[in-house]
> 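Structure below; questions to follow.
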2 protein chains.
Amino acid sequence: MITSSAHSTEDKICPHNARQNCSSCRLSAICLPLALAQDEVVQLDEIVQRGRPLQTDELLYREGDNFNSIFAVRSGSVKAYRVSDKGEEQVTGFYLPGEILGMDGIGQNRYANSAQAMEVSAICEIPFSKIEDLSGRLPNMQKHFFKLLSQEIVEDQRHITLLSKHSAEERLASLLVSISARNARRNLSAFSFRLPMSRTDIGNFLGLTIETVSRVFSRFAKQGLIKINKKEILVLDIDALKRVASLAN
Amino acid sequence: MITSSAHSTEDKICPHNARQNCSSCRLSAICLPLALAQDEVVQLDEIVQRGRPLQTDELLYREGDNFNSIFAVRSGSVKAYRVSDKGEEQVTGFYLPGEILGMDGIGQNRYANSAQAMEVSAICEIPFSKIEDLSGRLPNMQKHFFKLLSQEIVEDQRHITLLSKHSAEERLASLLVSISARNARRNLSAFSFRLPMSRTDIGNFLGLTIETVSRVFSRFAKQGLIKINKKEILVLDIDALKRVASLAN
DNA sequence: CGGGCTAATTGACATAAATCAATTAGGCCT
DNA sequence: AGGCCTAATTGATTTATGTCAATTAGCCCG
């Protein structure tokens, strides 16, 4: 346990000027270096670009842009969304520190989503051509990327099931459980956290209206599963929440 | 155009004993060999295994099974489905000749779906470890697999949007347009085909009940968009159908 | 420090699709 | 050829969630 306070200061401590390499990054255990040997991480390090932080609502890339890089979230959070031909906007994912986005661009050489910062966020950019090179040389790297891509497929299929077969309560509980778990993975509290996204984004992601999201939040609070203060969430009964999620995932 | 008759005999002519290699396979233009040079296809050929055909309803693999291979459909058709912790079954995809399935297993070394033949089907099996080897040696191969995986992600995200934001009519129109296009890709008729899946599977895939699927089919027929005879579909107005799909994809 | 803007909440009502139920129509086996 | 089994269709009714509307509560900026 790195922190016992409700809200970790992870994102506050020298957010954008931490020592600029993967080896010393505190996310290395869950981010790309995860799968690499010490000396391989050095090679990864050489191709990672760390730019200025993104401001809230700033776009990292836009749907249809030429695909050149994938990105890792170092601090903050990013949402990805696509616009259907019908003009409907669909949030396809939320990305927290240590998570990789942009891989949807590989197939068509264009991003299939837009990516937008939900708060001030530091992002690592990794040119994909360099990753291809590296993957050709380092079997670990290739293997890891195959895995990453595959996991995103499984993640998306889970979400398909969620949208197709589960109620509003199940969907929201599922999201809360997911965020809780991802926080825990980063050694943050699983029970007290701030949702980086708006109710609108949550609703859009879960295929619900903002009103329904709000009502379900209120119901959960009334039932004593959580305590809400705007975006601050205190999980009072994670097991009940998991039960509601029905493990809808 | 290979055939002008309403129903191609593609799947009937020597279905399982066509010359057993990728170079001469009539699907090579849309299947794995697509991305490879002549001499590279030969190397692919050496690792592809072609077993006895699957009977209708036979399982190719089961969710949770150890992952070892990916598969290409040579003839027939396969559905993939997963069971959520809630016990709900969700069809995640339909695979037609030339299409690849099983890649969801890479991430966890276990298949995340079960795969079941919807009719008698011939399947090519490709051990994934061999693909990793080959990808390390052939940049084309590696690139192609990254693309394949990425495209499945985009496909799934499209489906997420479909389920989240589109009406029953839009969903079904979208599926019909998709199948029509995939048939055209195989040089089959885009306007006259047999749906290999049941109404139950369609409903499950689209997040609808079988009754709703049936009603929407009837409505489309009444509106003169299609003609239905059980699983046989005659598309009368593909443009209208695309309009209804709203290009919900 | 106050006014206005936006996000969230809450309530009343509408609706698309689900559920329940009955009927029809094939296909298959004896 | 006839009967049975399953898949599909069609209709009547219910329901979860969406839509419309009004209210509240922060929060930013001058």
Side-chain angles (χ1 to χ4, degrees), chain A residues 55-57 79 86 88-91 116 118-120 162-176 194-223 226-234 244 246 248, chain B residues 55-57 79 86 88-91 116 118-120 161-176 194-223 226-233 244 246 248:
Chain A
Q55 297 306 304
T56 304
D57 292 342
K79 70 171 170 180
K86 196 185 173 188
E88 296 278 7
E89 200 169 301
Q90 172 69 42
V91 172
Q116 187 175 34
M118 296 190 290
E119 58 193 310
V120 174
L162 195 68
L163 295 177
S164 172
K165 298 286 187 302
H166 295 270
S167 69
E169 303 211 345
E170 290 165 345
R171 294 182 207 182
L172 192 55
S174 185
L175 177 65
L176 290 173
R194 181 174 191 283
L195 294 174
M197 69 292 282
S198 66
R199 298 286 190 270
T200 304
D201 288 335
I202 293 175
N204 193 318
F205 180 65
L206 296 178
L208 302 170
T209 58
I210 170 180
E211 292 94 330
T212 299
V213 171
S214 186
R215 277 185 254 269
V216 174
F217 264 131
S218 302
R219 230 174 293 155
F220 283 172
K222 195 168 299 178
Q223 292 165 197
I226 58 175
K227 230 170 159 212
I228 330 167
N229 186 325
K230 201 167 157 56
K231 294 184 168 182
E232 294 293 336
I233 301 289
L234 190 64
V244 173
S246 217
Chain B
Q55 296 307 304
T56 304
D57 292 341
K79 70 172 169 179
K86 196 185 172 188
E88 295 278 8
E89 199 167 301
Q90 172 69 42
V91 172
Q116 187 175 33
M118 297 189 292
E119 58 194 309
V120 174
T161 307
L162 196 66
L163 294 177
S164 172
K165 299 284 188 301
H166 295 269
S167 69
E169 303 211 346
E170 289 165 346
R171 293 182 208 183
L172 192 56
S174 185
L175 177 64
L176 289 174
R194 181 173 190 283
L195 293 174
M197 69 290 283
S198 67
R199 298 287 190 270
T200 302
D201 289 336
I202 293 175
N204 193 318
F205 179 65
L206 296 177
L208 301 170
T209 58
I210 170 182
E211 293 94 329
T212 299
V213 171
S214 186
R215 278 185 252 271
V216 174
F217 265 131
S218 300
R219 230 174 293 155
F220 283 172
K222 195 169 300 179
Q223 292 166 195
I226 58 175
K227 228 167 162 210
I228 329 168
N229 186 327
K230 200 166 159 53
K231 294 185 169 183
E232 295 292 337
I233 302 288
V244 173
S246 218

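Throughout, a chain's letter reflects where its sequence line sits, starting with A, and its residues are numbered from 1.
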> Report yes if some heavy atom in the side chain of A:L234 is under 4.5 Å from a heavy atom in the side chain of A:I226; otherwise report no.
no
> Consider the side chain of B:T209, meaning its heavy atoms from C-beta on, and name the nucleotide among C:dA8, C:dA18, D:dT9 that approaches it most closely.
C:dA18
> Nearest heavy atom decides the nucleotide; on that basis, is A:L208 or A:N229 closer to the 5' end of DNA chain D?
A:L208
> Taking atom C1' of D:dT17 as reference, at what distance in whole Å does atom CD1 of A:I202 sit?
17 Å
> Surrounding NZ of B:K231 (heavy atoms of other residues, nucleotides or ligands, distance under 6.0 Å), is the total greater than 12?
yes
> Report the C-alpha distance between A:I233 and A:F217 in whole Å, list the side-chain angles of each, state the deciding distance to 0.1 Å, and finish with yes or no for side chain to side chain contact (heavy atoms under 4.5 Å, CB included).
CA-CA 10 Å; A:I233 301 289; A:F217 264 131; 4.0 Å; yes
> Over all strands shown, is A:G203 touching base, sugar-phosphate only, or nothing at heavy-atom distances under 4.0 angstrom?
nothing
> Atom CZ of B:R219 to atom C1' of D:dG11: distance rounded to whole Å?
13 Å
> Round to the nearest Å and state the distance from A:K231 atom NZ to C:dA8 atom C1'.
11 Å
> Quick check: closest heavy atoms across A:E119 and A:P196, and the distance to 0.1 Å?
OE2-CB, 3.4 Å
> Which atom pairs, one a donor and one an acceptor, fall under 3.5 Å between side chains of residues 199-209 of chain B and the rest of the protein, sequence neighbours left out?
residue	atom	partner	partner atom	Å
B:R199	NH2	B:K230	O	2.9
B:D201	OD1	B:K79	NZ	2.8
B:D201	OD2	B:K79	NZ	3.4
B:D201	OD2	B:S198	OG	3.4
B:N204	OD1	A:K165	NZ	3.0
B:N204	OD1	B:V91	N	2.9
B:N204	ND2	B:E89	O	3.1
B:T209	OG1	B:T212	N	3.3
B:T209	OG1	B:T212	OG1	3.1

> With a 3.5 Å distance limit and no angle check, can you tell me whether A:S218 reaches the backbone of A:S214 through a side-chain donor-acceptor pair?
yes
> For the pair made of CG in A:L172 and C1' in C:dA8, what is the distance, rounded to whole Å?
14 Å
> Taking all heavy atoms of B:Q55 and all of B:V120, pick out the closest pair and write down the distance.
OE1-CG2, 3.7 Å
> Starting at CD1 of B:I228 and ending at C1' of C:dA25, how long is that distance when rounded to a whole Å?
15 Å
> Rounding to a whole Å, what distance do you find between A:L195:CG and C:dA7:P?
16 Å
> Does anything in residues 210-218 of chain A reach DNA chain D, meaning a heavy atom under 4.0 Å, and if so which residues?
A:E211, A:T212, A:R215
> Atom pairs under 3.5 Å, N or O on each side, protein against nucleotides 22-24 of chain C: can you list them with distances?
none

> How many Å lie between CG on B:L206 and P on C:dA16, as a whole number?
18 Å
> Could you grab the distance from atom CE of B:M197 to atom CG of B:L175, nearest 0.5 Å is fine?
5.5 Å
> Taking CD from A:E232 and P from D:dA25, how many angstroms apart are they, rounded to a whole number?
19 Å
> Quick one: CG on B:L162 to CD on A:E88, what's the gap to the nearest 0.5 Å?
11.5 Å
